Number of protein chains: 2
Amino acid sequence: MGFKKKSLDEDECLRLDNQICFPLYAVSKEVVRKYKPFLDEIGLTYTQYIVMMVIWEGKKLSVQELGERLYLDSGTLTPLLVKLEKKGLVERSRSHKDERVVEIAATEKGTGLKVQAREIPKKISGCLGISVKDVITLKKILDKSLKNITES
Amino acid sequence: MGFKKKSLDEDECLRLDNQICFPLYAVSKEVVRKYKPFLDEIGLTYTQYIVMMVIWEGKKLSVQELGERLYLDSGTLTPLLVKLEKKGLVERSRSHKDERVVEIAATEKGTGLKVQAREIPKKISGCLGISVKDVITLKKILDKSLKNITES
DNA sequence: TTAAATTAAATTGCATACAATCTAATTATT
DNA sequence: AATAATTAGATTGTATGCAATTTAATTTAA
């Protein structure tokens, strides 16, 4: 006795291994890296890929709507969309109703790319190295968190 | 009958909402954003913070070891460590044993910063907006994934 | 031993991210 | 209507990330 165990607050709370943010950050990066070889084949980066995924849903979208969906702002999206336009995958046009709004739609070539992209989820499944059950649990928790974190 | 339900592979697999990678990517970014106001107070970015967390553990580390711990390469670490050195938080020195190796250690000022940083985990706890139970589950799965994903 | 192979950092180039600011268009106010 | 406030994108500046290359030091092999 006499020894007072150092509180977790004082000594352990700053250890990397005790952070939840770190594995989140690290796994996220590593997963993106796993996508790279497959995305290289169709000439997209990861961010361009998730942008295309929303565009492939078919509805014409404004930059704003795209940003709300992907949690990205115009500082990221504008240059990225310009690149996708240069590749001939999307069309950017000012809305007639409101000239401030830029609407994004897939070109024929952009829609065509979807066919090639279809193989990617299959190829990448299992990239997390955990059981299907864990993947489902993980997705459920992350979706919940994403919802709550962006509301507050 | 006669209707064949379109297979998930063909039509649904490319929907953003069906990806596990996306909420992972999005939550990770949002969490880093949550840290920002607190990290601003002590003048660190998120990446600088996790680097300092490893350095605060006390052991002198090479750039390589730091990179293995954080899954970052010299292309990211070198300029970041130069910045931390300019702020007076760390010292970079060539190893005597092997001149190729650069060893990193906290300066007195860098160690001092730890005291201020101690409040951050407390302030940030709950930032995911999910229950403690879910946080524990999440961490368990992510740690497992991080281990497996970086082995293969 | 001396050349070849390997290794650790540093450097270069490209693509995000995001805060902050700017500009033009639209809406709300007086 | 004229001005003020707001809004959507674009722009600027800073900080990552990472692949690929380079450089210098060390180790391996011939």
Side-chain angles (χ1 to χ4, degrees), chain A residues 21-22 25-37 39-40 43-52 60-87 90 92-104 150, chain B residues 21-22 25-37 39-40 43-52 60-87 90 92-104 150:
Chain A
C21 63
F22 176 67
Y25 158 88
V27 170
S28 171
K29 279 193 309 145
E30 294 305 314
V31 168
V32 170
R33 195 207 298 260
K34 290 270 185 191
Y35 273 87
K36 189 165 189 303
L39 291 174
D40 279 349
L44 294 179
T45 63
Y46 178 75
T47 316
Q48 289 168 7
Y49 174 59
I50 59 172
V51 166
M52 288 309 297
K60 213 179 227 186
L61 289 144
S62 67
V63 172
Q64 173 120 97
E65 288 165 329
L66 209 48
E68 279 163 12
R69 195 71 187 287
L70 297 168
Y71 306 96
L72 292 171
D73 72 0
S74 69
T76 302
L77 286 174
T78 296
L80 188 150
L81 290 166
V82 168
K83 278 175 210 160
L84 290 178
E85 192 179 40
K86 276 186 189 147
K87 291 189 215 224
V90 307
R92 296 160 67 238
S93 56
R94 291 280 167 184
S95 159
H96 296 305
K97 271 194 192 165
D98 185 338
E99 288 286 336
R100 288 172 303 181
V101 173
V102 169
E103 290 172 328
I104 312 296
T150 53
Chain B
C21 63
F22 176 67
Y25 158 89
V27 171
S28 172
K29 280 193 308 145
E30 293 305 314
V31 168
V32 169
R33 195 206 299 259
K34 290 271 184 190
Y35 273 87
K36 189 164 190 303
L39 290 174
D40 279 348
L44 294 180
T45 64
Y46 178 75
T47 316
Q48 289 168 6
Y49 174 60
I50 60 174
V51 166
M52 288 307 298
K60 214 180 226 185
L61 289 144
S62 67
V63 172
Q64 175 120 94
E65 290 167 327
L66 210 47
E68 279 163 13
R69 195 72 187 287
L70 297 169
Y71 306 96
L72 293 171
D73 73 359
S74 68
T76 302
L77 285 174
T78 297
L80 187 150
L81 291 167
V82 168
K83 279 174 210 160
L84 289 178
E85 191 178 41
K86 275 186 190 148
K87 291 188 214 222
V90 307
R92 296 159 68 236
S93 56
R94 292 278 167 184
S95 157
H96 296 306
K97 272 193 192 164
D98 185 338
E99 289 286 335
R100 290 172 303 181
V101 173
V102 168
E103 290 173 328
I104 312 297
T150 53

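Please read these numbers as outputs of a predicted model, since none were measured by experiment. Every chain is numbered from 1, with letters handed out A, B, ... down the list of sequences.
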What integer distance in Å separates [X]:[atom1] from [N]:[atom2]?
X        : N      : atom1 : atom2 : result
A/Leu81  : D/dA8  : CG    : P     : 16 Å
B/Glu103 : C/dA10 : CD    : C1'   : 17 Å
A/Gln48  : C/dA15 : CD    : C1'   : 8 Å
A/Tyr46  : C/dA17 : OH    : C1'   : 14 Å
A/Leu66  : C/dA17 : CG    : C1'   : 15 Å
A/Ile50  : C/dA17 : CD1   : C1'   : 11 Å
A/Leu39  : C/dA15 : CG    : P     : 14 Å
B/Lys86  : D/dT14 : NZ    : C1'   : 13 Å

Requested in this report: Step by step, work out the side chain to side chain contact (heavy atoms under 4.5 Å, CB included) result for B/Leu84 and B/Arg92.
Outcome: CA-CA 10 Å; B/Leu84 289 178; B/Arg92 296 159 68 236; over 6 Å; no
Query raised in the report: Nearest of D/dG17, C/dT16, D/dA10 to any side-chain atom of B/Thr47?
Result: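 Minimum distance to the B/Thr47 side chain belongs to D/dG17.
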Query raised in the report: Taking the side chain of A/Thr78 as heavy atoms from C-beta outward, which of D/dG9, C/dA9, C/dA19 is closest to it?
Result: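 Per side-chain heavy atoms of A/Thr78, the pick is D/dG9.
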Is [X] close enough to [N] that one of its side-chain N or O atoms is under 4.0 Å from OP1 or OP2 there?
X       : N      : answer
B/Lys29 : C/dC18 : yes
B/Tyr25 : C/dA17 : yes
B/Thr45 : D/dT16 : yes
B/Lys83 : D/dT16 : yes
B/Ser62 : C/dA8  : no
A/Arg92 : D/dA10 : yes

Query raised in the report: Okay, side chain of B/Arg94, backbone of B/Arg100: is any donor-acceptor separation there less than 3.5 Å?
Result: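 Yes, because the side chain of B/Arg94 sits within donor-acceptor range (under 3.5 Å) of the backbone of B/Arg100.
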Query raised in the report: Would a distance-only check, ignoring hydrogens and angles, find a side-chain to backbone donor-acceptor pair under 3.5 Å from B/Lys29 to A/Tyr71?
Result: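 Such a contact is found between B/Lys29 side chain and A/Tyr71 backbone.
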**Report entry** Residue list, ring-ring contact (aromatic ring centres under 6.0 Å, His included) with B/Tyr46, at least two apart or on another chain
**Finding:**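 Listed in chain order: A/Tyr25, B/Tyr35.
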Requested in this report: Using side chain to side chain contact (heavy atoms under 4.5 Å, CB included) as the criterion, point out the one residue from A/Thr47, A/Leu72, A/Ile104, A/Val102 that pairs with A/Leu77.
Outcome: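 Among A/Thr47, A/Leu72, A/Ile104, A/Val102, the one meeting side chain to side chain contact (heavy atoms under 4.5 Å, CB included) with A/Leu77 is A/Leu72.
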**Report entry** Spacing of OG belonging to A/Ser93 relative to NZ belonging to A/Lys60, to within rounding of 0.5 Å
**Finding:**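 So the gap between those two atoms works out to 4.5 Å.
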**Report entry** From A/Glu65 atom CD to A/Glu103 atom CD, the distance as rounded to the nearest 0.5 Å
**Finding:**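 Reported value, rounded in 0.5 Å steps: 8.0 Å.
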Report task. Kindly indicate whether the side chain of A/Gln64, heavy atoms from C-beta on, has any atom under 4.5 Å from the side chain of A/Val101. Result ->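 No, their side chains stay 4.5 Å or more apart.
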Requested in this report: Kindly state which residues belonging to residues 67-77 of chain B come within less than 4.0 angstrom of DNA chain D, counting heavy atoms of the residue only, listed by number.
Outcome: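 Heavy-atom contacts with DNA chain D come from B/Tyr71, B/Leu72, B/Asp73, B/Gly75, B/Thr76.
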Query raised in the report: Which atoms form the tightest heavy-atom contact between A/Val90 and A/Leu81, and what is the distance?
Result: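 Smallest interatomic distance, heavy atoms only, reads CG2-O, 3.9 Å.
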Report task. State, to 0.1 Å, how close B/Pro79 and B/Ser74 come at their nearest heavy-atom pair, and which atoms those are. Result ->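 Looks like CD-O, 3.8 Å.
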Query raised in the report: What does C/dA4 pair with, Watson-Crick or G-U, if both distances are under 3.5 Å?
Result: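 Check on C/dA4: paired to D/dT27, both distances under 3.5 Å.
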Requested in this report: Please figure out whether A/Gln64 or A/Arg33 has its closest DNA chain D nucleotide nearer the 5' end.
Outcome: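 Closer to the 5' end of DNA chain D: A/Gln64.
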Distances under 3.5 Å between nitrogen or oxygen atoms of protein and nucleotides 23-28 of chain C:
unit_1, atom_1, unit_2, atom_2, d
C/dT26, OP1, A/Glu99, N, 3.0

